[in-house]
Enquirer: 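This structure is in structure tokens; I'll ask about it shortly.
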Amino acid sequence: MKALVIGGSLGGLFAANLLLDQGWEVDVYERVGDDLAARGAGIGTHTELLDVLARLGIRMDERLGVVIPDRICVDRTGRELYRCHWAHTMSAWANVYRPLKDRFPVARYHFGKSVTGLVQDRNRVTAFFDDGASAEGDLLIGADGLRSIVRAQLIPDVQPQYAGYVAWRSIVEESLLPAASREWLGEGYWFVLPKGEMFLSYQVPAKDLGRIGRDWNYVWYRPVTETQLADFCTDSRGKCHGTGIAPPLIRPDVTAYIKREARELLPPHLARLIDVSQPFFQSIFDIESPRLTVGRVALLGDAAFVARPHVGMGVTKGALDALCLSRSIQQSKTLDAALARYDRLRSEFGRRCVARARRLGSYIEARSRPDKGWTPEQLDQRPERVLHEVALALADIPELQIEV
Ligand SMILES: Cc1cc2nc3c(=O)[nH]c(=O)nc-3n(C[C@H](O)[C@H](O)[C@H](O)COP(=O)(O)OP(=O)(O)OC[C@H]3O[C@@H](n4cnc5c(N)ncnc54)[C@H](O)[C@@H]3O)c2cc1C
């Protein structure tokens, strides 16, 4: 059996490696022309993610993950407001991508191949690429992310819904920080909760695995109206790039603004992270697909569902989607039956995950959309609630206990 995987990021690589181990012939087609390792920032991990990696023979050791003992919420002066013990393994996107990519046959990973369309009949599916080439297989996996072309072809009505806020983020090499900041930051998982906002920061292993040391990852969720977003996404030449802009094109005055805001709203040692870095932002979206399979095509990862990052589950969800697909294929008598099982289980998980993430981010959304009629529960941003609910272990979320 032959699978075509569209998108060579984490979701695609999980699926490709798992199917390869089951004896499938697998080709991965990635739009970007070179190695993706340079992109991505920090990620939270879950035991279930580590289990899928272990299944592929990849161990999340000290090099790939950092265990963070405590979550601490501070006010803008740095005074501690709330603390809870919470051993959580943080990693970096590249640290999961690299071993997955290295494990997959080089000749079967095709860089610079952008899918533009597909056709299928009862048993076969053909993908077409922008260079005029095509490829045929028994199964096509659309792992092409938030703006999936595969999804757009199959279910054109599904569009990403802007959540009303963005995440400013970056990774800072620890050695760039003064000794006083390094000492103050220690090993904490820091939270600051200005009204209607959420800032968090934690250590991740050095992005460059050859370098000994750690980096600091930060994410700052801030309400941004549609009009402000259009301004943030406009480059120095006056061109608006829609709802997202490549980091190098962010205007210097926008970067200067966020650094000023950081000095105003965050404690000095956390504001310094933003000051010494090149912050970039990502708009936050929700995506819910009504179904994950159409004929011989399956959607997976962010192409299928995007939950706001507060559940810290994007990579884990992609890994579990891939595991469920490969398991369904293993357990079912026919590929049609396998795809039906996959659709049923992962649609349910995706819907619940999106709903939970929406609830965790509702107090931030409410600030840019105050007239939507929010309940007190949706506006609750008490530290004891936020610190306990953000990126909770999957095993501790009853509504997400769905078989894979
Ligand atoms: C602020 C923020 C914080 C986050 N924090 C976390 C976290 O703590 N933990 C966590 O688990 N997740 C986190 N995530 C989410 C996580 O990064 C993604 O959910 C996860 O990587 C899903 O991967 P994917 O492979 O499905 O999609 P993507 O990583 O988006 O990959 C899609 C791939 O498809 C390729 N592609 C697109 N179009 C085409 C085409 N036409 N032809 C061929 N290839 C194509 C793209 O180039 C890309 O490589 C966060 C996200 C954000 C925005």
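Owing to the predicted nature of the structure, the values given are computational and were not obtained by experimental measurement. Both counts, for ligands and for their atoms, begin at 1 and track the order of listing.
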Enquirer: Specify side chain, backbone, both or neither for S114, according to which of its non-hydrogen atoms lie closer than 4.0 Å to ligand 1.
Expert: both
Enquirer: In terms of side-chain heavy atoms, does D336 have a donor or acceptor partner in T334 at a distance below 3.5 Å?
Expert: no
Enquirer: Using a strict 4.0 Å threshold on nitrogen-to-oxygen distance, state whether E226 and R369 make a salt bridge.
Expert: yes
Enquirer: At the 4.0 Å heavy-atom cut-off, does G318 count as touching ligand 1?
Expert: no
Enquirer: What protein heavy atom is closest to atom 53 (C) of ligand 1, reported as residue, atom name and distance in Å?
Expert: Q282 NE2, 3.4 Å
Enquirer: Closer than 4.0 angstrom: is that true for some heavy atom of R147 and an atom of ligand 1?
Expert: no
Enquirer: Tell me the protein heavy atom at minimum distance from atom 41 (N) of ligand 1, and give that distance in Å.
Expert: V115 O, 3.2 Å
Enquirer: Got the closest protein heavy atom to atom 24 (P) of ligand 1, with its distance?
Expert: G11 N, 3.9 Å
Enquirer: Hey, is atom 14 (N) of ligand 1 under 4.0 Å from any protein heavy atom?
Expert: no
Enquirer: Please list the nearest protein heavy atom to atom 30 (O) of ligand 1 with its residue and the distance rounded to 0.1 Å.
Expert: G145 CA, 3.7 Å
Enquirer: State whether F305 and K317 meet the cation-pi test: NZ (Lys) or CZ (Arg) under 6.0 Å from the six-membered ring centroid, and within 45° of the perpendicular axis.
Expert: no
Enquirer: Whether the Y218 and S277 side chains hold a donor-acceptor pair (N or O, under 3.5 Å, no angle test) is what I'd like checked.
Expert: yes
Enquirer: Could you check whether R359 pairs with E389 (Lys NZ or Arg NE/NH1/NH2 to Asp/Glu carboxylate O, under 4.0 Å)?
Expert: yes
Enquirer: Looking only at distance, does Y221 have an N or O less than 3.5 Å from an N or O of ligand 1?
Expert: no
Enquirer: With a cut-off of 4.0 Å, which atoms of ligand 1 are near a heavy atom of I149?
Expert: 41 (N)
Enquirer: Please say whether A303 places an N or O atom under 3.5 Å from an N or O atom belonging to ligand 1.
Expert: no
Enquirer: Side chains of D215 and E174: does their closest heavy-atom pair fall under 4.5 Å?
Expert: no
Enquirer: Looking only at side-chain N and O atoms, does R272 offer a donor or acceptor that is under 3.5 Å from a partner on S181?
Expert: yes
Enquirer: Between K2 and D138, does any NZ, NE, NH1 or NH2 come within less than 4.0 Å of an OD or OE carboxylate oxygen?
Expert: no
Enquirer: If you measure only the distance, is there a donor-acceptor pair under 3.5 Å linking the side chains of R341 and S328?
Expert: yes
Enquirer: Near I6, which atoms of ligand 1 are under 4.0 Å from a heavy atom of that residue?
Expert: 42 (N), 43 (C)
Enquirer: Test of understanding: given a 4.0 Å heavy-atom threshold, classify the contact between K317 and ligand 1 as side chain, backbone, both, or neither.
Expert: neither
Enquirer: Looking only at protein heavy atoms, identify the closest one to atom 37 (C) of ligand 1 and say how far it is in Å.
Expert: D144 O, 3.4 Å
Enquirer: K113 heavy atoms, cut-off 4.0 Å: which ligand 1 atoms fall inside?
Expert: 42 (N), 43 (C)
Enquirer: At under 4.0 Å between heavy atoms, which part of A143 makes contact with ligand 1: side chain, backbone, both or neither?
Expert: backbone
Enquirer: Provide the number and element of each atom of ligand 1 under 4.0 Å from a heavy atom of L10.
Expert: 25 (O)
Enquirer: Return yes when F129 approaches ligand 1 closer than 4.0 angstrom through a heavy atom, no otherwise.
Expert: no
Enquirer: For ligand 1, indicate whether the residue L36 contacts it via side chain, backbone, both or neither (heavy-atom separation under 4.0 Å).
Expert: side chain
Enquirer: Identify the closest protein heavy atom to atom 4 (C) of ligand 1: which residue and atom is it, and at what distance?
Expert: P309 CB, 3.7 Å
Enquirer: Taking the six-membered ring of Y165, is the NZ or CZ of R308 close enough (under 6.0 Å from the centre) and on axis enough (within 45°)?
Expert: no
Enquirer: Under 4.0 Å, heavy-atom basis, I'd like to know which part of R31 is in contact with ligand 1: side chain, backbone, both or neither.
Expert: both
Enquirer: Please list, in number order, the atoms of ligand 1 under 4.0 Å from a heavy atom of W93.
Expert: 21 (O)
Enquirer: Cut-off 3.5 Å, side chains only: do S175 and E173 have a donor facing an acceptor?
Expert: yes
Enquirer: Quick one, L394 and L320 - any side-chain contact, counting heavy atoms below 4.5 Å?
Expert: yes
Enquirer: Indicate, as side chain, backbone, both or neither, the part of Y29 found under 4.0 angstrom from ligand 1 when only non-hydrogen atoms are considered.
Expert: backbone
Enquirer: Quick one: look up the protein heavy atom nearest atom 35 (C) of ligand 1 and list residue, atom name and how far away it is.
Expert: E30 OE1, 3.3 Å
Enquirer: Quick one: which ligand 1 atoms are inside 4.0 Å of a heavy atom on V32?
Expert: 47 (O)
Enquirer: Ring centres of F129 and H110 under 6.0 Å apart?
Expert: no
Enquirer: Provide the number and element of each atom of ligand 1 under 4.0 Å from a heavy atom of G301.
Expert: 26 (O)
Enquirer: Apply the side-chain contact (heavy atoms from CB on, under 4.5 Å) test between P223 and each candidate in Q228, K195, R367; give the one that qualifies.
Expert: R367
Enquirer: Which of the listed options, G7, A391, A304, G44, holds the heavy atom that is closest to atom 9 (N) of ligand 1?
Expert: G44
Enquirer: Which of the atoms in ligand 1, numbered in the order shown and given with their element, are less than 4.0 Å from a heavy-atom of A167?
Expert: 1 (C)
Enquirer: Ion pair present between D253 and R260, side-chain N to carboxylate O less than 4.0 angstrom?
Expert: no
Enquirer: If we ignore angles and hydrogens, is there a donor and acceptor under 3.5 Å between the side chains of E197 and Q381?
Expert: no
Enquirer: Going by heavy atoms in the side chains, are I141 and L19 under 4.5 Å from each other?
Expert: yes
Enquirer: Identify the closest protein heavy atom to atom 26 (O) of ligand 1: which residue and atom is it, and at what distance?
Expert: D302 N, 2.8 Å
